[in-house]
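Take a look at the structure below.
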Amino acid sequence: MSQRFRLQPTALAGVVVVERQPIADERGWFERLFCARELESVTHGQPIVQINRSLTHRRGTVRGLHYQHPPHAETKIVTCLRGEIFDVAVDLRAGSPTFLHWHGERLSAADGRMLVIPEGCAHGFQTLSDDAELFYLNTAEYVPASESGLHPEDPRLDVRWPGPITQLSSRDRGHPPLDPQFEGLSL
Ligand SMILES: Cc1cn([C@H]2C[C@H](O)[C@@H](COP(=O)(O)OP(=O)(O)O[C@H]3O[C@H](C)C(=O)[C@H](O)[C@H]3O)O2)c(=O)[nH]c1=O
């Protein structure tokens, strides 16, 4: 059976761009958003246990950078269903050769691309349009007590957001700078 997805690796291990391969006909098109068998290499057989959707009204808003500590670390597969975002993964894995490095990808409703955020990476995004809608699959449930966050403008990360941050939740604004002693997450 032909693959319905094309996977592009990035400089961060496990952070993968997934291009959906829609099937078009005279009525329009059909595409898969997920297939456990075809995307086993990014989920490593972990089941999808939670699917989230968010709508962000204002262009320039940043949500994140968030992650969950083991044993609740999750892999996310992020899809933009409306508008456009700049999606960012930050490598927090202890011992990783790209520890504290980040990777960003533009995702839009039109481009059919998704970004995989593997376990041990923080996730955040900036909206590049008003009314940006996200749909993302998670391999772990939300466990508030296990969640942490990094300030999106943490100087040690130096994430190059495409534009000025126009909106940030009070929680995200309140994340302290990364502890210099932080050696990463042991998964
Ligand atoms: C993530 C999550 C949140 N919530 C509740 C907690 C709050 O009462 C409300 C909004 O949560 P939060 O402000 O954390 O939402 P975002 O700022 O969009 O955070 C999310 O966006 C960043 C980019 C992510 O990668 C995570 O999925 C998630 O942290 O929904 C739930 O009930 N279930 C959930 O799975």
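Indexing begins at 1, ligand by ligand and atom by atom, following the structure's order. On a predicted model such as this, the values are computed, not experimentally measured, just so you know.
With hydrogens and angles disregarded, a donor-acceptor distance shorter than 3.5 Å links the side chain of Asp154 to the backbone of Leu178.
Each of the atoms 29 (O) of ligand 1 lies under 4.0 Å from some heavy atom of Glu147. Within ligand 1, counting atoms from 1 as listed, the ones closer than 4.0 Å to a heavy atom of Asn52 are 35 (O). Here is the list of ligand 1 atoms found below 4.0 Å of a heavy atom in Lys76: 24 (C), 25 (O), 26 (C), 27 (O).
There is no path of hydrophobic side-chain contacts, each under 4.5 Å, that joins Ile117 to Val90.
One distance of note links CG of Leu107 with CZ of Arg113; it measures 6.0 Å at 0.5 Å rounding. We find the CZ-CD1 distance between Phe5 and Ile77 to be 8.0 Å, quoted to the nearest 0.5 Å.
Considering His175, His69, Gln68 as possible partners of Ser148, the one that fulfils the side chain to side chain donor-acceptor pair (under 3.5 Å) test is His69.
Heavy atoms only, all atoms of each residue included: Pro180 and Arg156 are closest at CA-NH1, 3.4 Å. For Pro118 against Ala13, the heavy-atom pair with the smallest separation is CG-O, 3.9 Å.
Not close to ligand 1: Glu141, with no non-hydrogen atom less than 4.0 angstrom away. The closest approach between a heavy atom of Tyr136 and any atom of ligand 1 is below 4.0 Å.
Shown here, atom 9 (C) of ligand 1 is out of close reach of the protein: none of its heavy atoms lies under 4.0 Å off. Remark: atom 3 (C) of ligand 1 lies closer than 4.0 Å to at least one protein heavy atom.
In terms of protein heavy-atom proximity, atom 5 (C) of ligand 1 is closest to Tyr142 CE2, 4.3 Å. Taking atom 16 (P) of ligand 1 as the reference point, the nearest protein heavy-atom neighbour is Arg63 NH1, 3.7 Å. Regarding atom 23 (C) of ligand 1, its nearest protein heavy-atom neighbour is His123 ND1, 3.5 Å. At the shortest separation from atom 29 (O) of ligand 1 among protein heavy atoms lies His66 ND1, 2.5 Å. Scanning the protein for heavy atoms near atom 13 (O) of ligand 1, the closest one is Arg171 NH2, 4.1 Å.
No part of Leu65 comes within 4.0 Å of ligand 1, judged by heavy-atom distances.
Side chain to side chain, Glu84 and Ser108 fail the donor-acceptor criterion of an N or O pair below 3.5 Å.
Ring geometry for Tyr136 against His123 counts as perpendicular: the plane angle is over 60°, on a 0 to 90° scale with 30° as the lower cut.
An N or O contact shorter than 3.5 Å links Gln50 to ligand 1 by distance.
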